[in-house]
Amino acid sequence: MLMRDQGKLLFITLQDRTDAIQLFVSKSVIGDNAFDTMTTLDLGDWLGVTGNIMTTRKGELSVKVSVAQLLAKAVRPMPDKWHGLTDTEVRYRQRYADLIVNEDSRRVFAIRHEIIASFRRTLHSQGFIEVETPVLHVEAGGAHARPFVTHHNALDMTLYLRIALELHLKRLIVGGMERVYEIGRVFRNEGISTRHNPEFTMMELYQAFGDYSEVMTLAEHLIVTAATEATGSTWVDIDGVEVDLAKPWRRVRMIDLIEEATGVAVHPSHPREKLATLAAQHGITVDSRWGTGKIIEELFEVTAEAKLREPTFVTGHPVEISPLARVDRNDPFLTERFELFVGGRELANGYSELNDPIEQRARFQEEQAAKDAGNLEAGTVDEDYLRALEYGMPPTGGLGIGMDRVTMLLARAQSVRDVMLFPTLRPEDFGS
RNA sequence: GCGCCUUUAGCUCAGCUGGUAGAGCAACGGACUUUUAAUCCGCAGGUCCUGGGUUCGAGCCCCAGAGGGCGCACCA
């Protein structure tokens, strides 16, 4: 609440999560004692009132207070009522204070909620079942990332916080659930930036009898629908330019984007020496362990990725960098995979799932070999997952969307910390 | 991990060539019966992020450290 004291009259702005209303408090109405108590109220106190609706002379809809009750006292001084709270560190550490004071902060988290609710409605309407899978993993698979490591005392075993939802959800496709999704936290033990927080929220879905093309269509539908339902518009700001998400999104192969950018046609089947030379010309230090697929990915990241302002599905990732994706039915060196880029940022990733247990084992073994050679992000052989595939997984399309980044886009936030209620920070020093 | 920037009252910020710390709002005391962050008068409020150093004297200069921001790296 915020008070304007006028002697024998008080004007108080009372605010809750939905709106604000003015209170009109007259000394002659509530009596001297009650009035004196009211004048001791402070900015931020929680107040309950009863009274009649009235309009003041200036036309402000108000509650003419007959009874008021202090519900809770704000003992700590509120931030400045005009300038608000702008110190980013305090806004992130003391989100409660930020939310009390900054309407824009409340707006961002309202949008975040509406986006997630919209996703759930869309998926529900298309027959997807929401599930929950383990956060504590015996092996951290489904993505290339360094995991957080923890320990279970009673079982005396090492456990990893999940880096992806993928492998458990596909076990459920094997189990015949056909359309499943999970919206959940994943953890990656890596750097922090305006686009990265160690824990973040992913939505992953798997659709039996689908493929990467159908899943791209679904990704587009999910995000455009969420934009409309959460913000009332399909327009977003990308690097200062207004872009309409409703315009159909381009689909283009990674190797074609590299050719656009460099003027040189590339393909994972080309001689490694040729690709390594091209990469070096673009300032890439080529690691001796990289195959042609990894070099192509690096070329894409350096020459093309940052230019992808408008929503773009980049497709056809090399097999080498896509251990869980099915090989392209028309090109044995590429996969039926895509990543969605908006404003130069990756928002989503998906593919036609690899469902051949023999080929999957071979891919896992390559991952394991890379890990043994010192690649900390490489995967391992997940025997239970292979056993699941041996029971038979139907052709399946899979999709993962970074919910925080979608929220950044739709809420027009500049940092991922602005769309997470409690971003990861170093611990605060409270003295001793 | 590297670079740049930043840290002064509860909040938002000033603080000159090094001379002993300020404003507005909030708080506190008082006046006011139709105000819209913003009436008027008065009063109080400080580990100038921390620790060293230079100096007669440091918020300011130097060194080291801490928190935060941004960029790079990392993040398929």
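Chain naming here is simple, since letters A, B, ... match the order of the sequence lines and numbering starts at 1 in each.
- Along RNA chain B, the nucleotide nearest to A/Ser62 and the one nearest to A/Pro323 differ in position, and the one closer to the 5' end is contacted by A/Ser62.
- At a threshold of 4.0 angstrom between heavy atoms, the contacts of A/Glu346 with the nucleic acid are absent.
- Place A/Tyr351 and A/Thr424 on RNA chain B by their nearest nucleotides, and A/Thr424 ends up nearer the 5' end.
- The aromatic rings of A/Phe338 and A/Phe313 sit perpendicular, their planes meeting at an angle over 60°, well past the 30° parallel limit.
- Between A/Glu214 and A/Phe209, the shortest heavy-atom distance links the atoms OE2-O, 3.8 Å.
- At least one donor-acceptor pair closer than 3.5 Å links the side chain of A/Thr56 to the backbone N or O of A/Glu60.
- Among the protein residues, A/Leu10 comes within range of no part of the nucleic acid, since none of its heavy atoms lies under 4.0 Å from any strand.
- Side-chain N/O atoms of A/Thr194 include one lying less than 4.0 angstrom from OP1 or OP2 on B/G71.
- When the P atom is compared between B/A66 and B/A9, the two are found 22 Å apart, to the nearest whole Å.
- When heavy atoms are screened at a 4.0 angstrom cut-off, A/Arg337 is found touching base atoms of the nucleic acid.
- Base contact: A/Glu60 has a heavy atom under 4.0 Å from a base atom.
- The distance from atom CD1 of A/Ile115 to atom CE of A/Met203, rounded to the nearest 0.5 Å, is 12.5 Å.
- A/Arg417 places no side-chain N or O within donor-acceptor distance of the main-chain N or O of A/Thr88, the cut-off being under 3.5 Å.
- In terms of phosphate contacts, A/Arg426 brings no side-chain nitrogen or oxygen within less than 4.0 Å of OP1 or OP2 of B/A66.
- A donor-acceptor pair under 3.5 Å links the side-chain atoms of A/Lys371 to the main chain of A/Ala378, judged by distance alone.
- Comparing B/U36, B/G69, B/U33 against the side chain of A/Gln22 picks out B/U36 as the nearest.
- The interatomic distance linking A/Asp418 (CG) with B/C70 (C1') rounds to 13 Å, in whole Å.
- Counting only distance, with no hydrogens or angles, the side chain of A/Arg95 and the backbone of A/Met420 share a donor-acceptor pair below 3.5 Å.
- At the heavy-atom level, A/Lys27 lies nowhere under 4.0 Å from the strands shown.
- For the atom pair NE2 of A/His168 and CD of A/Glu204, the computed distance is 12.0 Å after rounding to the nearest 0.5 Å.
- Interface residues of residues 67-97 of chain A facing RNA chain B, ordered by number: A/Pro77, A/Pro79, A/Asp80, A/Lys81, A/Trp82, A/His83, A/Gly84, A/Leu85, A/Thr86, A/Asp87, A/Thr88, A/Glu89, A/Tyr92, A/Arg93; criterion, heavy-atom separation under 4.0 Å.
- Distance check, rounded to the nearest 0.5 Å: CZ of A/Arg91 to CG of A/Asp98 gives 4.5 Å.
- Atom name C1', nucleotides B/G3 and B/C61: the rounded distance is 23 Å, in whole Å.
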Query raised in the report: So what is the 5' to 3' dot-bracket string for RNA chain B, if pairs are Watson-Crick or G-U wobble with both distances under 3.5 Å, crossing pairs use [ ] and | means the partner sits on another strand?
Result: (((((((..((((.....[..))))..((((.......))))......(((((..]....))))))))))))....
